[in-house]
J.: 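Mind looking over this structure? Questions follow.
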Amino acid sequence: MDLSRLRDDFPLLKRKHIRYFDTAATSLTPRPVVARMKDYYENLSANVHRGVYTLSHEATEQYEAARATIARFINAFPEECVFTRGASGALNMVALGLAEKIAEGDEIVVSELEHHSNFLPWLHLAKKRRAKLVFVPLTDEGRITTENFASVLTERTKIVALTHVSNVLGYTTPVEEITRLAREKEAYVVIDAAQSVPHIPVDVKRIGCDFLVFSSHKALGPTGLGVLYGKKERLEEMDPIEYGGDMVDLAEKDHATWQDPPIKFETGTPPIAEVLGFAEAVRYMERIGRAEIKRHGENLRAHTMEKLRAMEGVTIHNESTEGSLISFNIDGVHPHDAVTILDSEGFALRAGHHCAQPLMAWLSVPATLRASFYIYNTISECDGLVEAVGRARDYFLSP
Amino acid sequence: MDLSRLRDDFPLLKRKHIRYFDTAATSLTPRPVVARMKDYYENLSANVHRGVYTLSHEATEQYEAARATIARFINAFPEECVFTRGASGALNMVALGLAEKIAEGDEIVVSELEHHSNFLPWLHLAKKRRAKLVFVPLTDEGRITTENFASVLTERTKIVALTHVSNVLGYTTPVEEITRLAREKEAYVVIDAAQSVPHIPVDVKRIGCDFLVFSSHKALGPTGLGVLYGKKERLEEMDPIEYGGDMVDLAEKDHATWQDPPIKFETGTPPIAEVLGFAEAVRYMERIGRAEIKRHGENLRAHTMEKLRAMEGVTIHNESTEGSLISFNIDGVHPHDAVTILDSEGFALRAGHHCAQPLMAWLSVPATLRASFYIYNTISECDGLVEAVGRARDYFLSP
Amino acid sequence: MRKLDNLYRQIIMDHYKNPRNKGIPDDDRYRKEHIRNPSCGDDVTIATLVEEGTVKDIRQDGTGCSICCASASVLSELLEGKTVADALRVSENYVDMIMGKPFDEAIAFEDALAFEGVKDFPARLKCATIAWKAFDATVKDGENDE
Amino acid sequence: MRKLDNLYRQIIMDHYKNPRNKGIPDDDRYRKEHIRNPSCGDDVTIATLVEEGTVKDIRQDGTGCSICCASASVLSELLEGKTVADALRVSENYVDMIMGKPFDEAIAFEDALAFEGVKDFPARLKCATIAWKAFDATVKDGENDE
Ligand SMILES: Cc1ncc(COP(=O)(O)O)c(C=O)c1O
Ligand SMILES: Cc1ncc(COP(=O)(O)O)c(C=O)c1O
């Protein structure tokens, strides 16, 4: 597939002469996705699950068909996919949903590689239930390995919550092996796939995890939407987390019963336009091909990495990464200052802790620069980035 | 203002020859709102609160400016407005946030007029904390009055959660007086304004309530967004409800501190496009004028009511309503059947329990028909509706 | 109104106004299944008496729209006397007909044929099939449901 | 690069590389204020010694970008020796200047004038004002903050 053509689908790339390297924060949104939402608002615009009239029925059909599309993308059943506010919202739902299962002294395994959204809900849960938060020791490179995971897995491990792909270092966690080990101890496995779903094939059945979450806006879809995958049995045995319209079956003054999953976990009017838009994004990714998406991102990363590595005065934090992003610093230049220089030339990339303060502490830096690569980036943009990094370094460091 | 011109902003009205009477479920979305979101995706498309580069900074500025616009609309401070998944999501947040304050034997006051989303979270909370759910007795018409509220208010009342405008009967609750009485007992007052914000001026300072919620999609805005208003002091004293990125200040391995409200309650990437779109919807409503919106809806309701009232074989459930909707049944015809006939002529209205099963029980009907009126409806559409109701009645009831 | 008339044929209105086999017997030999569609209030119970592989009696009760109530009534007449296997085959083909899928046209649907028009009203498909789902459950379940 | 050069003027780079008044004294007479911008990691502490309505000494410490660190350094030189009222007036006008608002051009900003270019970099406004906010807090608060 000729990826250079696809840049036309992303008006931002043209209009502002932007070189966009911040997909790991949020991806750009291609025209067909925006068009799909516009079409909903202009030609349908009805609520789902409630109306008997044609418009509302059509909205419901399209909404559920979109769920099926999104579910298939991760090899899940539609009823295993709950729509949420975002990956963060989904992680909080799981943490609330599992709260009752956690007793004093139980262990919850996380890592220092986690995004705050897959760390703080567990820290809070641990404090509330007097459970113990256990960190998988990272390797020298900053990786989670099966071995290191096995070293902290105990009979008391009740939840394992790990990132699939790190948003700072791009490493892929061996989630299949880890899940297998964890399930032997009957621990619940929660995978944060916010950074994997946009980039690499994700198959929930193959992973075998109990829960897996991701966000639409990082995978070509709209803001305001995330997905909580939950294994059928898990969702069935779990109590509702939010109560109200739609998720209820029978509501009496002192008693209520619930719908089956996924509706049991979707009270209120859902993000209808967003779900339709995200299904379109999924189709967009499928048209390109997931192998191609992965290959392209990794290529750009490898190309850029090679050049950055050859550059003096640059420290790279994830040289061995297999992912589609590079975390680095210009020695002696605060990432903020660096990013201002780069920004002034139209390069959009991130300077900060990337919602991963524990990892910054582990790396002993206050913040890093992060360039993330996606389908719409090109080799020549990457070359431009490397040159701009050089100029930023010289600007600050030349006497 | 010439409202007939404004119909051009709603393509659905043209394209499908739809007569749309289901605004109480979800409103149509005018072009400028859709255009605003398209503009975000095509020209900005960056994440907020995190990036130092220009695009991200602009996104943040626009997002916070949108918050200010929305806050001003209900006379709140920006930091008192938390963005949520929807009204249902917001109500669940409040219920979770207040859970710690409720002890065994405390009383939570609701009514049979509530939408499930302002009833089931409280039923659940009451069960969990062994508190008592108390119902304000409705008047014969089905109204909540200050008097009837006073009759159930006690020293044990800890939360009062009432609808501002009923989604089935259109009645307005005297929320100012009720709040005054409730605050005397130091009960928290939660107002469900999902049906009032789109239709009548809402001023949180005048009401004096502690919390107030509403949805974007019922007020010309996009799906996937709601607002939780919380009085400054309340939000400050309340613990976070969801944990993760953005809402955290300092995150260490065993300890974390939080941002100030409203960010304290907004973990993860927020519904950025939706917030920008909803601010545009607010401006749209402001351009029309809220008095005009109210007047127009009430006019259409009054006009239609008069004609329906004169019709044999029709039972109206809210003859005295001051609101912009009519709930009725065609005698002997199940609402589903009626709605299919009406739908076949292009009239989109709702048949069902309207997520208010306790109220259906109170009315002793399984379901009602509901026609709700908004700025884009016209007198001639209403006349058409009445005639169609007549035809539906005749179709089923003529021998 | 043609489509509508196809939907609300006289047969349907007749069964709606004069339901057959109405009322659930208080008899443990009947297998009962109760299904509701909370979003619209359709509520159907089917009670089936099976003896030696044959549907000896079907009783029905509930509230709901004309399509829902009439289809329960029609079903209770049509399937009585059939073997369980035959009844299930009729039921399966009926559902296919409603869904607009190919179905065995050789089947004698009798009054149930009146529901063919429902296929043009996608929002009402559930109404026309809920009773049939309940029936299937009464003869498929190993266990008595209530 | 003109705009950039305005931002990163030599004065700023000089203060960044050679910070003045660095280090917070362990002295209770100083009022201290610590502000962080968690989103970027800027972290500033200002310690102010006020005697008889006059700012006798300002000390600063922290980590962050050049704009943030340099502005703390510049501030510590500029405001020392001023009365609290004067210092606050300078601070207020400085913030207005950064924000691109009208400000009293008669004020002798000295090195702080180098920050005027920040107004063209909206994403960096916070960096240039965080130290000043901290200073304001040290002389406005009735209470010692830490
Ligand atoms: C009175 C009332 N409250 C709450 C809600 C729930 O709103 P949402 O579905 O947007 O969460 C609705 C709308 O269905 C409503 O009418
Ligand atoms: C690994 C990871 N997990 C979770 C999140 C949170 O996603 P969201 O902000 O969409 O809720 C992010 C994105 O910031 C992420 O990179």
Side-chain angles (χ1 to χ4, degrees), chain A residues 11-12 15 18 22 25-26 28-29 34 38 41-43 45-47 50-55 85-89 91-92 115-117 120-121 123-124 215 217 222-225 242-245 248 251 253 256 267-269 271-274 336 339-340 343 348-352 355 357-358, chain B residues 11-12 15 22 25-26 28-29 34 38 41-43 45-47 50-55 85-89 91-92 115-117 120-121 123-124 135 215 217 222-225 242-245 248 251 253 256 267-269 271-274 336 339-340 343 348-352 355 357-358:
Chain A
L12 189 82
R15 295 208 189 154
I18 287 291
D22 200 17
T26 196
L28 302 180
T29 322
V34 179
K38 186 161 182 280
Y41 286 118
E42 298 196 342
N43 295 314
S45 212
N47 212 322
R50 298 182 192 164
V52 186
Y53 57 95
T54 309
L55 282 181
R85 230 168 25 77
S88 303
L91 288 163
N92 277 279
H115 186 280
H116 291 158
S117 294
L120 296 170
L123 177 63
H124 176 70
S215 279
H217 71 93
T223 57
L225 177 65
E242 296 194 328
Y243 298 82
V248 72
K253 281 175 69 176
T267 185
T269 302
I272 307 171
E274 290 78 1
H336 256 195
V339 118
T340 293
D343 183 35
L349 62 164
R350 182 128 311 204
C355 293
Q357 292 180 32
Chain B
L12 190 82
R15 295 208 190 155
D22 200 17
T26 195
L28 302 181
T29 322
V34 178
K38 187 161 181 281
Y41 286 118
E42 299 196 341
N43 295 314
S45 211
N47 212 325
R50 299 181 193 162
V52 188
Y53 57 95
T54 309
L55 282 181
R85 231 167 23 80
S88 303
L91 287 163
N92 277 279
H115 187 281
H116 292 158
S117 294
L120 295 170
L123 177 62
H124 176 70
F135 290 80
S215 280
H217 71 93
T223 56
L225 177 64
E242 296 194 329
Y243 298 82
V248 72
K253 280 176 71 176
T267 183
T269 303
I272 307 170
E274 291 78 2
H336 255 193
V339 117
T340 294
D343 183 35
L349 61 165
R350 180 127 314 202
C355 294
Q357 292 180 33

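Within every chain, numbering begins at 1; the chains are lettered A, B, ... in the order of the sequence lines, protein sequences first and strands thereafter.
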J.: If I take atom CG from residue A/L55 and atom CG from residue A/N43, how far apart are they, to the nearest 0.5 angstrom?
T.: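 Between A/L55 CG and A/N43 CG, I get 9.5 Å after rounding to 0.5 Å.
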J.: Tell me, out of B/K253, B/H116, B/H336, who's got the most heavy-atom pairs with chain A below 4.5 Å.
T.: B/K253
J.: Tell me, out of A/S88, A/A46, A/G86, who's got the most heavy-atom pairs with chain B below 4.5 Å.
T.: A/S88
J.: Given a strict heavy-atom distance threshold of 4.5 Å, which part of B/I272 is in contact with chain A: side chain, backbone, both, or neither?
T.: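 When you check distances to chain A, atoms from both the backbone and side chain of B/I272 fall under 4.5 Å.
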J.: Distance check, rounded to the nearest 0.5 Å: B/S215 atom OG versus B/L225 atom CG?
T.: 8.0 Å
J.: Under a 4.5 Å heavy-atom cut-off, does chain B meet the side chain of A/L349, its backbone, both or neither?
T.: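 Looking at A/L349, just its backbone touches chain B.
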J.: Identify which of B/P271, B/A87, B/G245, B/A351 forms the greatest number of heavy-atom pairs closer than 4.5 Å to chain A.
T.: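 Highest number of heavy-atom pairs under 4.5 Å: B/G245.
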J.: Of the backbone (N, CA, C, O) and the side chain (C-beta and beyond), which part of B/A273 lies under 4.5 Å from a heavy atom of chain A, both, or neither?
T.: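 Its backbone and side chain both get close to chain A.
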J.: Heavy-atom pairs under 4.5 Å with chain A - which of B/L120, B/T223, B/D22, B/V34 has more of them than the others?
T.: B/T223
J.: Tell me, out of A/A251, A/P121, A/A25, who's got the most heavy-atom pairs with chain B below 4.5 Å.
T.: A/A251
J.: Which residue out of A/H217, A/E242, A/H115 racks up the most heavy-atom pairs below 4.5 Å with chain B?
T.: A/E242
J.: CD/A/E42 to CG/B/L12 distance, rounded to the nearest 0.5 angstrom?
T.: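 If I round to the nearest 0.5 Å, the distance is 9.5 Å.
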J.: Specify which of B/T267, B/V339, B/L28 makes the most heavy-atom pairs with chain A at under 4.5 Å.
T.: B/T267
J.: Given the options A/A256, A/A348, A/G352, which has more heavy-atom pairs under 4.5 Å with chain B than any of the others?
T.: A/A348
J.: Examine distances only and state if a side-chain atom of A/N47 and a backbone atom of B/T26 form a donor-acceptor pair shorter than 3.5 Å.
T.: no
J.: By a 4.5 Å heavy-atom criterion (distance strictly below it), what part of B/L91 contacts chain A: side chain, backbone, both, or neither?
T.: neither
